[in-house]
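Here is the structure we will look at.
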Amino acid sequence: MKELRGKVAAITGAGSGIGRALAENLAQEGCHLALSDINEQGLLETQEMLSPYSVKVTTHTVDVAQREQMERYAEEVISGHGQADMIINNAGVAIVTSVAGVSYEDFEWLMGINFWGVVYGVKAFLPLLQKRPEGHIVNISSINGILTWPNHSPYCSAKFAVKGFTEVLLQEMDGSSIRVSCVHPGGIKTNIARNARFTEAINKKLDQKGTVALFEKITRTTADTAAKTIIQGIKKNKRRIMVGPDAKLMDWLTRLMPVTMVRLMGIGTKMAR
Ligand SMILES: NC(=O)c1ccc[n+]([C@@H]2O[C@H](COP(=O)([O-])OP(=O)(O)OC[C@H]3O[C@@H](n4cnc5c(N)ncnc54)[C@H](O)[C@@H]3O)[C@@H](O)[C@H]2O)c1
């Protein structure tokens with residue numbers, strides 16, 4: 001989607017982090033916004049940040065894991081804006097846990113948001129985008145949709161699934177008015193680690209506080225930089241958008257030596273056990 005001015009973009013998980021930064025950067029481009037999040041307070045804070053921009057902003061309290069709520073969100077976007085040109089399926093959560101330690105309840109919670117939320121978003125908005133001269137679907141996967149690491153089996157499963165789902169959609173939409181982008185961020189400074197559920201890591205020395213501190217220490221890319229990279233990718237109609245130097249490097253190394261990279265990512269954990 002080359003021109004964003006005057007378009008209407010729906011963003012899930014817009015109450016924090018990458019979603020909030022996307023909202024601000026799209027508003028700067030003159031794009032109208034239908035923002036949703038499960039966290040009403042975060043959503044209102046984002047809306048307040050957007051008051052300097054002369055674009056229409058609506059807010060919608062939505063749990064992406066609930067299909068009816070996503071369908072209602074799509075209806076509300078039409079009644080509020082009269083059209084939808086883009087959906088950014090961004091809402092996401094994390095769990096730090098071993099495969100042995102993860103409960104089915106936590107696994108299903110994460111899949112509900114990180115995978116099913118994306119499917120519901122695509123299926124609820126696709127018919128609306130198809131009514132427009134051009135439409136764009138942006139699904140946020142992760143570098144963990146390309147490369148795995150220990151203690152993240154639910155997260156990696158969901159992000160690999162988002163990649164697969166999005167790439168099939170891309171093939172099916174080829175030649176139509178719908179563009180599709182799959183986004184793979186590396187580490188981005190947001191609230192994701194702080195809000196993560198934490199059960200039992202395979203590395204017993206790694207507790208929740210330590211995990212958050214490590215995340216803060218190693219992540220370099222800001223949410224604003226991530227949003228700018230994603231918007232640049234959208235404007236260039238890129239099918240695959242890598243965000244941050246770490247994501248680009250790990251993607252390249254994984255393509256070069258896929259088996260070795262899986263082993264290397266596990267070594268740190270083994271050494272610390
Ligand atoms: N931060 C990173 O390092 C990183 C890396 C790769 C991918 N991502 C992905 O980027 C996306 C955005 O994450 P972020 O880093 O900005 O995290 P964040 O925690 O700052 O923001 C996530 C937002 O999603 C919302 N959310 C959570 N559950 C929801 C639900 N059920 N329904 C609706 N909204 C819900 C939260 O309230 C929050 O506002 C996620 O899909 C995440 O997996 C993040």
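Counting starts at 1 for both ligands and their atoms, following the listed order. Atoms considered below: every heavy atom in the structure, side chains included; atoms not considered: hydrogens, waters and symmetry mates.
The pair Glu167-Arg239 does not count as a salt bridge, with every side-chain nitrogen at least 4.0 angstrom from each carboxylate oxygen. We find that Glu76 and Arg72 are joined by a salt bridge, their nearest charged nitrogen and carboxylate oxygen being less than 4.0 Å apart. Of the charged side-chain nitrogens involved, none lies within less than 4.0 Å of a carboxylate oxygen, so that Glu3 and Lys7 do not count as a salt-bridged pair. Here Glu24 does not pair with Arg20 in a salt bridge; the nearest charged N to carboxylate O distance is not below 4.0 Å.
Residue Asn191 approaches ligand 1 through these ligand atoms, each under 4.0 Å from one of its heavy atoms: 19 (O), 20 (O). Numbered from 1 in the order shown, with element, the atoms of ligand 1 that lie under 4.0 Å from a heavy atom of Asn195 read 19 (O). Against a heavy-atom cut-off of under 4.0 Å, Gly15 is close to the following atoms of ligand 1: 39 (O). Of all atoms in ligand 1, numbered sequentially from 1 with element shown, those under 4.0 Å from a heavy atom of Asn39 are 37 (O). Of all the atoms in ligand 1, the ones that sit under 4.0 Å from a non-hydrogen atom of Val62 are 32 (N), 33 (C). Contact atoms of ligand 1 toward Gly92: 22 (C), 24 (O), 40 (C), 41 (O) (distance under 4.0 Å to a heavy atom of the residue). For ligand 1 and Asp63, the ligand atoms under 4.0 Å from any heavy atom of the residue are 30 (C), 31 (N), 32 (N). Taking every heavy atom of Gly17 and a limit of under 4.0 angstrom, the matching atoms of ligand 1 come to 16 (O), 20 (O).
Selection from Asn90, Ile218, Ile230, Asp246 by nearest heavy atom to atom 41 (O) of ligand 1 gives Asn90. When the heavy-atom distances from atom 34 (N) of ligand 1 to Leu43, Ile38, Val93 are ranked, the shortest goes to Ile38. If you check each of Gly187, Gly186, Ser36, Ser142 against atom 5 (C) of ligand 1, the one with the closest non-hydrogen atom is Gly186.
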>> Please evaluate residues Val93 and Asn114 with respect to the criterion side-chain contact (heavy atoms from CB on, under 4.5 Å), reporting the C-alpha separation (whole Å), side-chain torsions for both, the decisive distance (0.1 Å), and the verdict.
In response: CA-CA 7 Å; Val93 290; Asn114 290 16; 3.6 Å; yes
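Among all protein heavy atoms, the one lying closest to atom 32 (N) of ligand 1 is Val64 N, 3.0 Å. Given atom 13 (O) of ligand 1, the protein heavy atom at minimum distance is Ile192 CD1, 4.0 Å. The protein non-hydrogen atom at the shortest distance from atom 3 (O) of ligand 1 is Ile188 N, 2.8 Å. Among protein heavy atoms, atom 16 (O) of ligand 1 sits closest to Ile18 N, 2.8 Å. Atom 18 (P) of ligand 1 has as its closest protein heavy atom Ser16 OG, 3.6 Å. Taking atom 37 (O) of ligand 1 as the reference point, the nearest protein heavy-atom neighbour is Asp37 OD1, 2.6 Å.
Polar contact check, Thr190 against ligand 1: a nitrogen or oxygen pair lies under 3.5 Å apart. For the pair Tyr155 and ligand 1, the shortest N or O to N or O distance falls below 3.5 Å. Considering backbone and side-chain atoms alike, Pro185 places every N or O at 3.5 Å or more from each N or O of ligand 1. Polar contact check, Ile143 against ligand 1: no nitrogen or oxygen pair lies under 3.5 Å apart.
Taking 4.0 Å as the cut-off, Lys159 counts as a neighbour of ligand 1 on heavy-atom distance. Residue-ligand proximity: Ser141 is placed with a non-hydrogen atom under 4.0 Å from ligand 1.
In this structure, Asn90 contributes its side chain and Thr12 its backbone to a donor-acceptor pair below 3.5 Å. Between the side chain of Lys56 and the backbone N or O of Val8, no donor-acceptor pair lies under 3.5 Å. Asp85 contributes no side-chain N or O that, together with a main-chain N or O of His136, makes up a donor-acceptor pair within less than 3.5 Å.
Here the CD1 atom belonging to Ile241 is positioned 9.5 Å from the CD atom belonging to Gln232, to the nearest 0.5 angstrom.
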